[in-house]
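Only a predicted model underlies this, so the values are computations on that prediction, with no experimental measurement involved.
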Amino acid sequence: MSVEPIVGERSRLTALLTDSIWLRSLYSAAGGFLIFAGFPPRPLWFLAPVGIALLTCVLTNFGRGGLRLRAGFGYGYLAGLGFLIPLLPWIGVFVGALPWIALAAVESLFIGLFGLLAVLVSRSPWAPLWIAATWTLTEWLRSSVPFGGFPWGRLAFGQSEGLLLPLASLGGAPLLSFAVALTGTGLAAAAIAVANKRWDKGFVGAIAAAVVPVLLAVIVSPFLATMDSGEKTITVAAIQGSVPRLGLDFNSQRKQVLDNHVAETLRLADEVDAGRVKQPDIVIWPENASDIDPLRNVDAAADITRASVSIGAPILVGTVLVNADRTTTNSVIVWDGNKGPQEQHDKKIIQPFGEYLPYRDFFRKFSEYADRAGNFVPGDGNGVVHAAGVPIGIATCYEVAFDRAFQESVRNGAQILAVPTNNATFGDTEMTYQQLAMSRVRAVEHGRAVVVAATSGVSAIISPDGSVTSETDMFVPEYLVADVPLSTETTLATKLGPAPEVVLCLLAAGAIVMAVISRRREPALPETGESND
């Protein structure tokens with residue numbers, strides 16, 4: 001029996017499955033959704049490279065090329081929606097769907113730009129490398145603009161339980177994101193080569209792109225710092241006092257929130273006195289533990305002092321301070337029961353549309369909640385406070401998403417890291433797990449133990465290798481006590497700082513320039529299957 005009709009039928013089936021605009025649109029959205037599905041709390045980190053691979057197959061027209069740039073933008077944008085809409089519903093849990101959908105729609109523009117650039121560089125030699133680099137470039141853009149950027153959803157932050165996580169110690173979150181993207185683009189190129197039975201150098205290069213990041217991570221993994229690393233250890237406690245109720249009005253009972261954290265600290269003090277729990281050297285309270293300014297309110301100051309004296313340790317108190325001009329700062333104060341307030345960290349990277357509202361007169365037209373945004377101003381300083389003689393790096397809540405926060409802290413001597421956070425305004429959503437994953441990446445990036453103290457959960461103690469050694473449930477008062485290492489060693493990622501991201505972005509820019517030049521020199525080619533795109 002002749003095989004030609006069978007081969008012809010397969011070719012027709014392949015064309016049917018890849019040439020339809022509607023199917024390619026579906027594949028693009030599915031690729032984005034797979035990236036989302038790889039994010040915590042699901043331990044499915046390997047789905048992110050698969051999602052990138054599926055999207056890359058679409059953007060390279062399943063190896064045939066010929067896509068218009070605008071088609072690449074459209075497919076990338078659909079992937080962005082498939083990724084960010086399910087990732088960000090916590091934005092609108094108490095304020096309605098409009099802010100959530102609007103944010104996802106705006107941020108998807110950057111993934112649309114990735115789609116356009118991926119089509120542009122897809123015909124270049126070593127295309128998987130350049131496509132992955134363009135992801136890094138657009139991820140940097142998304143993390144930088146507008147209003148200071150929105151790094152939420154970087155590929156790196158979905159890898160807190162993944163094989164690639166050790167790469168964060170070499171080049172931080174940017175290198176980790178690039179590795180995920182490169183693994184995905186390599187998988188795509190390998191799959192296309194197999195489908196077309198092309199066993200050439202391109203196939204070998206595709207396999208290398210998919211496998212090398214994993215092999216490098218496996219090699220690096222044994223060298224990560226652990227809880228047994230460091231020059232010495234100290235005992236830290238994280239207090240989760242919980243809140244009277246969730247939502248935007250959680251702090252309408254500000255005194256109750258403060259009382260909850262005082263009460264939980266006093267409960268820990270009783271356990272210490274009874275010999276059931278080790279005496280902590282430092283206690284860490286979450287962001288907004290005292291939204292009553294203790295520098296202005298004597299009752300709040302007395303309550304915090306009582307808690308510190310009872311536990312016999314300084315407390316890092318997350319509080320809101322009122323400035324002379326009636327603006328506010330989101331601050332962490334080192335409070336010593338015997339000496340009073342000491343050093344403080346004023347949050348430097350504040351959240352637009354939450355802690356402040358840019359263009360207030362304009363945006364208030366779109367939501368009745370606009371004027372609920374705060375009147376916070378950014379602080380300065382180097383992100384380090386000292387308590388019990390220990391330099392502690394602080395990244396308050398939203399700050400942990402930005403590379404520069406802990407880079408600055410560790411470069412200025414921080415030996416452990418703390419993330420005081422308040423997730424009560426986002427209800428029972430995945431937000432807290434997404435943020436916890438960021439802290440795990442930062443632990444590996446800088447080789448430091450990280451203490452996460454949350455008002456309503458999840459609080460956690462994180463080892464320098466990114467593993468969670470203990471954590472609380474959500475919405476319950478609880479404390480965590482652990483011995484953590486103090487370290488003065490710095491990882492390669494800390495030493496290099498933003499350099500890996502700069503290099504990757506320059507590589508992407510170079511590939512884009514060369515692709516543009518190449519397109520201008522070549523005669524016009526038929527745009528396969530895209531007459532309607």
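- No side-chain donor-acceptor contact under 3.5 Å links S456 and N423.
- Of all non-hydrogen atoms in G427 and M474, the two that sit nearest each other are O-CE, 4.0 Å.
- Interatomic distance, R142 CZ to R154 CZ, rounded to the nearest 0.5 Å: 8.5 Å.
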Take S25 and S28 through the side chain to side chain donor-acceptor pair (under 3.5 Å) test and state the conclusion after the steps. CA-CA 5 Å; S25 298; S28 299; over 6 Å; no
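- Looking at every heavy atom in both residues, A179 comes nearest to P213 through CB-CB, 4.0 Å.
- Between the K232 side chain and the L486 main chain, no donor and acceptor come within less than 3.5 Å of each other.
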Derivation of the side chain to side chain contact (heavy atoms under 4.5 Å, CB included) call for Q415 and E231: CA-CA 10 Å; Q415 296 180 14; E231 289 71 30; 5.7 Å; no
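- Side-chain contact between R24 and I21 is present, with at least one heavy-atom pair separated by less than 4.5 Å.
- In this structure, the side chains of F62 and N196 stay at 4.5 Å or more apart for every pair of heavy atoms.
- Classification of the Y398-W152 ring pair by plane angle, with boundaries at 30° and 60°, yields parallel.
- Two residues are said to be in side-chain contact when any heavy atoms from C-beta on lie closer than 4.5 Å; L436 and I462 meet this criterion.
- In this structure, the side chain of W130 engages the main chain of P125 through a donor-acceptor pair within 3.5 Å.
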Please determine whether side chain to side chain contact (heavy atoms under 4.5 Å, CB included) holds for the pair R404 and K348, giving the CA-CA distance in whole Å, both sets of side-chain angles, and the decisive distance to 0.1 Å. CA-CA 11 Å; R404 64 184 183 274; K348 299 174 68 174; over 6 Å; no
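- A donor-acceptor pair under 3.5 Å links the side-chain atoms of T185 to the main chain of L182, judged by distance alone.
- Proximity of the aromatic rings of F39 and F36 is defined here by a centroid distance below 6.0 angstrom, and this criterion is not met.
- Here the side chain of T472 pairs a donor or acceptor atom with the backbone of S459 at under 3.5 angstrom.
- The closest donor-acceptor contact from the side chain of S108 to the backbone of L81 lies under 3.5 Å.
- A heavy-atom distance below 4.5 Å is not found between the side chains of P498 and D403.
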Candidate pair L417 and V451, rule side chain to side chain contact (heavy atoms under 4.5 Å, CB included), full reasoning: CA-CA 6 Å; L417 305 176; V451 181; over 6 Å; no
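- With sequence neighbours excluded, the residues satisfying side chain to side chain donor-acceptor pair (under 3.5 Å) with S177 are E139.
- For R123 (side chain) and G65 (main-chain N/O), no donor-acceptor pair under 3.5 Å exists by modelled atom type.
- Side chain of S169 to main chain of T491: no donor-acceptor pair is present (N/O by atom type, distance under 3.5 Å, no hydrogens or angles).
- From I111, atom CD1 reaches atom OH of Y77 across 10.0 Å, with rounding to the nearest 0.5 Å.
- In this structure, CD1 on I219 lies 10.0 Å from CG on L167, to the nearest 0.5 angstrom.
- Of the possible donor and acceptor atoms, one in the side chain of R442 sits under 3.5 Å from a partner among the backbone N and O of V400.
- Contact record, V419 with S439: CG2-OG, 3.6 Å, taken as the closest heavy-atom pair.
- Residues L137 and L504 have side chains not in contact (no heavy-atom distance under 4.5 Å, counting atoms from C-beta outward).
- When side chains are defined from C-beta on, V385 counts as touching L316, because their heavy atoms get closer than 4.5 Å.
- The 12-atom threshold is not exceeded at CE of M514, counting heavy atoms of other residues, nucleotides or ligands nearer than 6.0 Å.
- Contact between L120 and A515 at its shortest, heavy atoms only, is O-CB, 3.3 Å.
- The distance from the CH2 atom of W135 to the CG atom of L155 is 5.0 Å, given to the nearest 0.5 Å.
- Nearest heavy-atom pair across A225 and G447 is CB-O, 4.2 Å.
- Residue S470 holds its OG atom at 5.0 Å from CD1 of I461, rounded to the nearest 0.5 Å.
- By the neighbour-count criterion of 12 heavy atoms within 6.0 Å, atom CH2 of W199 is densely surrounded, having more than that number from other residues, nucleotides or ligands.
- In terms of modelled atom types and a separation under 3.5 Å, the side chain of W100 and the main chain of W90 share no donor-acceptor contact.
- Heavy atoms only, all atoms of each residue included: I284 and A418 are closest at CD1-CB, 3.9 Å.
- Note on R411 versus E408: no salt bridge recorded, every NZ/NE/NH1/NH2 to OD/OE distance being 4.0 Å or above.
- No side-chain heavy atom of P286 sits under 4.5 Å from any side-chain heavy atom of Q240.
- Distance alone, capped at 3.5 Å, places no donor-acceptor pair between the Q434 side chain and the G153 backbone.
- Considering T233, T235, T469 as possible partners of D483, the one that fulfils the side-chain hydrogen bond (donor to acceptor under 3.5 Å, both in side chains) test is T235.
- L116 contributes atom CG, which lies 13.5 Å from atom OH of Y75 (distance to the nearest 0.5 angstrom).
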Steps toward side chain to side chain contact (heavy atoms under 4.5 Å, CB included) verdict (V106, F150): CA-CA 11 Å; V106 170; F150 186 69; over 6 Å; no
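- Taking 4.5 Å as the limit, some side-chain heavy atom of T60 sits within range of a side-chain heavy atom of I131.
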